[in-house]
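What follows is a short report on a single structure.
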Amino acid sequence: MTPKISWTSKFCVCPGGTMACAAVMIPGLLRGSVGTTCTRAALSRLTPRSLRHLTLTSVMKSKRKTDHMERTADAVRREVVSTAKVCGAANESPSVKRLHLLVAEKDFSFKAGQWVDFFIPGVSVVGGFSICSSPRLLEEERIIELAVKYTNHPPALWIHNQCTLDSEVALRVGGQFFFDPQPTDASRNLVLIAGGVGINPLLSILRHSADLLRERANKGSGFEIGTIKLFYSAKNTSELLFKKNILDLVNEFPEKIACSLHVTKQTTQISADLKPYITEGRIMEKEIRDHISKETLFYICGPPPMTNFFSKQLENSHVPKEHICFEKWW
């Protein structure tokens with residue numbers, strides 16, 4: 001018998017198969033009171049028990065040649081699927097919308113750098129978006145943050161054109177691209193290399209690293225992280241996402257966190273507060289080579305040509321493959 005996952009009993013999953021039985025003809029969602037704040041009180045209004053620990057091994061077909069579910073069919077996924085309610089939304093750039101999602105399922109968790117399958121009632125295509133918040137935000141407030149670029153892909157279109165406060169979706173965590181050190185692990189330096197919206201999982205790792213630094217400073221225990229250097233490239237400064245968040249962390253931990261922000265097609269004047277951190281032109285391989293050491297881990301996320309280039313350069317520089325982690329986003 002096929003178990004059902006239901007906002008209104010029309011979304012179901014075929015266990016053991018690779019196709020979802022998802023006609024998703026959903027006339028309405030669970031309704032809560034309208035509001036803009038993310039509160040624990042909202043959880044009781046959006047936690048269908050039928051969502052607990054079900055596996056959605058689904059491959060949704062779309063017109064795109066590189067669909068998220070097809071690309072990640074072999075990726076490791078958590079069993080927990082949770083409903084989530086949109087509790088905040090804002091434009092992060094002219095082309096990127098930022099979402100805050102209040103997660104219902106208490107067993108839902110993720111590691112810094114992982115992504116979510118993004119199930120939308122009424123949309124047959126499953127989205128795939130990297131989480132850009134720290135795991136600690138989820139632990140303390142039950143919130144995760146996403147930043148989604150505008151494209152013609154149905155999930156991205158829904159987020160930009162139809163998603164509103166209190167919209168409900170379902171989420172499942174997946175991916176083998178993460179930074180999750182244990183307290184007794186040897187200290188490591190991090191080099192994070194991002195292109196465009198590839199900043200999302202690396203911002204999660206950067207924020208998690210900052211949380212580890214705060215924990216170490218406050219308690220005198222926990223994982224001892226080394227230095228963190230972020231290289232981040234975008235077309236122009238308006239498309240450099242989370243600039244303030246990044247620079248706030250640089251200023252909070254000046255001896256530990258540094259960044260080099262690159263713009264490749266800047267046509268306007270760069271603001272005075274950004275100028276010290278900006279380089280016009282792409283990230284150069286020499287900049288990356290200067291940070292190679294046996295204690296350094298490299299995390300790369302961006303368009304495939306960029307990811308391929310830097311991972312190959314690092315391999316040619318004799319960096320062990322286990323010290324090079326990368327994620328490609330199309």
Side-chain angles (χ1 to χ4, degrees), residues 66 71-72 74-76 110-115 128 130-132 134 174-182 185-210 212-213 223-235 239-242 246 249-250 253 255-265 277-330:
T66 53
R71 291 198 310 270
T72 63
D74 296 329
V76 174
F110 74 97
K111 298 173 182 177
Q114 290 187 300
W115 40 257
S130 288
I131 302 168
C132 54
S134 167
Q176 291 128 293
F177 180 86
F178 57 80
F179 177 61
D180 185 39
Q182 300 307 300
D185 287 350
S187 179
R188 294 291 187 185
N189 303 318
L190 299 182
V191 171
L192 312 177
I193 307 169
V197 290
I199 187 63
N200 286 341
L202 300 184
L203 182 64
S204 178
I205 291 172
L206 185 65
R207 285 169 159 170
H208 183 48
S209 299
L212 293 172
L213 287 168
F223 177 72
E224 183 176 4
I225 197 164
T227 59
I228 305 120
K229 180 65 181 273
L230 169 67
F231 294 93
Y232 178 22
S233 176
K235 183 171 65 175
E239 292 296 339
L240 283 168
L241 309 180
F242 303 105
I246 292 167
L249 293 177
V250 170
F253 302 103
E255 295 181 1
K256 285 289 189 177
I257 299 177
C259 72
S260 178
L261 307 177
H262 290 247
V263 290
T264 57
K265 296 181 180 179
Y277 306 96
I278 295 289
T279 299
E280 296 198 49
R282 69 182 185 88
I283 303 167
M284 303 300 289
E285 51 267 39
K286 183 183 183 304
E287 296 177 85
I288 307 301
R289 284 201 305 268
D290 288 344
H291 291 270
I292 293 175
S293 75
K294 63 181 181 180
E295 296 85 16
T296 301
L297 303 178
F298 294 84
Y299 286 82
I300 313 165
C301 187
M306 173 187 173
T307 304
N308 291 338
F309 175 80
F310 283 113
S311 59
K312 188 66 176 175
Q313 288 294 319
L314 289 168
E315 285 185 30
N316 290 344
S317 297
H318 308 292
V319 175
K321 287 188 177 181
E322 60 269 22
H323 288 188
I324 306 169
C325 310
F326 56 87
E327 187 98 289
K328 299 177 185 178
W329 284 101
W330 281 253

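Contact check for Pro181 versus Arg188: no side-chain heavy atoms found under the 4.5 Å cut-off. Counting heavy atoms from C-beta outward, Thr296 and Ser293 have side chains that approach closer than 4.5 Å. Using a 4.5 Å heavy-atom threshold, the side chains of Phe179 and Leu192 count as separate. Side-chain contact between Ser209 and Leu190: present, with at least one pair of heavy atoms (C-beta onward) separated by less than 4.5 Å. The shortest distance between side-chain heavy atoms of Ile199 and Leu230 falls below 4.5 Å. With contacts defined as side-chain heavy-atom distances shorter than 4.5 Å, the pair Ser204/Phe110 qualifies. Within the 4.5 Å cutoff, the side chain of Ile225 has heavy atoms near those of the Ile228 side chain. The side-chain heavy atoms of Asn200 and Ile131, taken from C-beta on, include no pair separated by under 4.5 Å.
Annotation: the span from Phe326 atom CZ to Ser311 atom OG amounts to 5.0 Å, rounded to 0.5 Å. With rounding to the nearest 0.5 angstrom, the OG atom of Ser134 is 11.0 Å from the CD1 atom of Ile205. Between Asn189 atom CG and His323 atom NE2 the span is 11.0 Å, to the nearest 0.5 Å. Here CE of Met306 is found 4.0 Å from CD1 of Ile283. Values are rounded to the nearest 0.5 Å. Here the straight-line distance linking atom OG1 of Thr279 with atom CE of Met284 works out to 11.0 Å at 0.5 Å rounding.
Judged by a 6.0 Å distance limit and a 45° cone about the ring axis, Arg282 is positioned over the six-membered ring of Phe309.
In this structure, Leu240 and His262 approach most closely via the heavy-atom pair CD2-O, 4.0 Å. Here the closest heavy-atom approach between residue Cys259 and residue Tyr277 is recorded as SG-CD2, 3.8 Å. Here the closest non-hydrogen pair linking Gly198 and Cys301 is O-CB, 3.4 Å. Contact between Ala194 and Leu202 at its shortest, heavy atoms only, is CB-CD1, 3.5 Å. The minimum heavy-atom distance between Trp115 and Ala75, with the atom names listed, is CZ2-CB, 3.8 Å. Closest heavy-atom contact between Phe223 and Ala186: CE1-O, 3.2 Å.
The closest donor-acceptor contact from the side chain of Tyr232 to the backbone of Leu241 lies under 3.5 Å. A donor-acceptor pair under 3.5 Å is formed between the side chain of Gln114 and the backbone N or O of Gly175. In this structure a side-chain-to-backbone donor-acceptor pair under 3.5 Å is present from Asn308 to Pro304. With hydrogens and angles disregarded, no donor-acceptor distance shorter than 3.5 Å links the side chain of Ser233 to the backbone of Gly195. When atom types are taken as modelled, the side chain of Thr307 and the backbone of Gly302 share a donor-acceptor pair closer than 3.5 angstrom. Side chain of Tyr299 to backbone of Gly113: no donor-acceptor contact under 3.5 angstrom is found. Side-chain N or O atoms of Gln182 include one that pairs as donor or acceptor with a backbone N or O of Asp180 at under 3.5 Å. Side chain of His208 to backbone of Ala112: no donor-acceptor contact under 3.5 angstrom is found.
Other residues, nucleotides and ligands contribute over 12 non-hydrogen atoms within 6.0 Å of the NZ atom of Lys256. The 12-atom threshold is exceeded at CD of Glu322, counting heavy atoms of other residues, nucleotides or ligands nearer than 6.0 Å.
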Q.
Run the side-chain contact (heavy atoms from CB on, under 4.5 Å) test on Leu213 and Ile257 for me, step by step, so that the C-alpha distance in whole Å, both residues' side-chain angles and the decisive distance to 0.1 Å come before the verdict.
A. CA-CA 10 Å; Leu213 287 168; Ile257 299 177; 4.2 Å; yes

(Q) Could you walk me through whether Phe231 and His291 satisfy the ring-ring contact (aromatic ring centres under 6.0 Å, His included) test, starting with their C-alpha distance in whole Å, then the side-chain angles of each, then the deciding distance to 0.1 Å, before giving a yes or no? (A) CA-CA 11 Å; Phe231 294 93; His291 291 270; 5.5 Å; yes

Q) Taking it one step at a time, do Ser260 and Lys229 satisfy side-chain contact (heavy atoms from CB on, under 4.5 Å)? A) CA-CA 8 Å; Ser260 178; Lys229 180 65 181 273; 3.9 Å; yes

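Between Ile324 and the options Lys312, Glu315, Gln313, a side-chain contact (heavy atoms from CB on, under 4.5 Å) holds for only Glu315.
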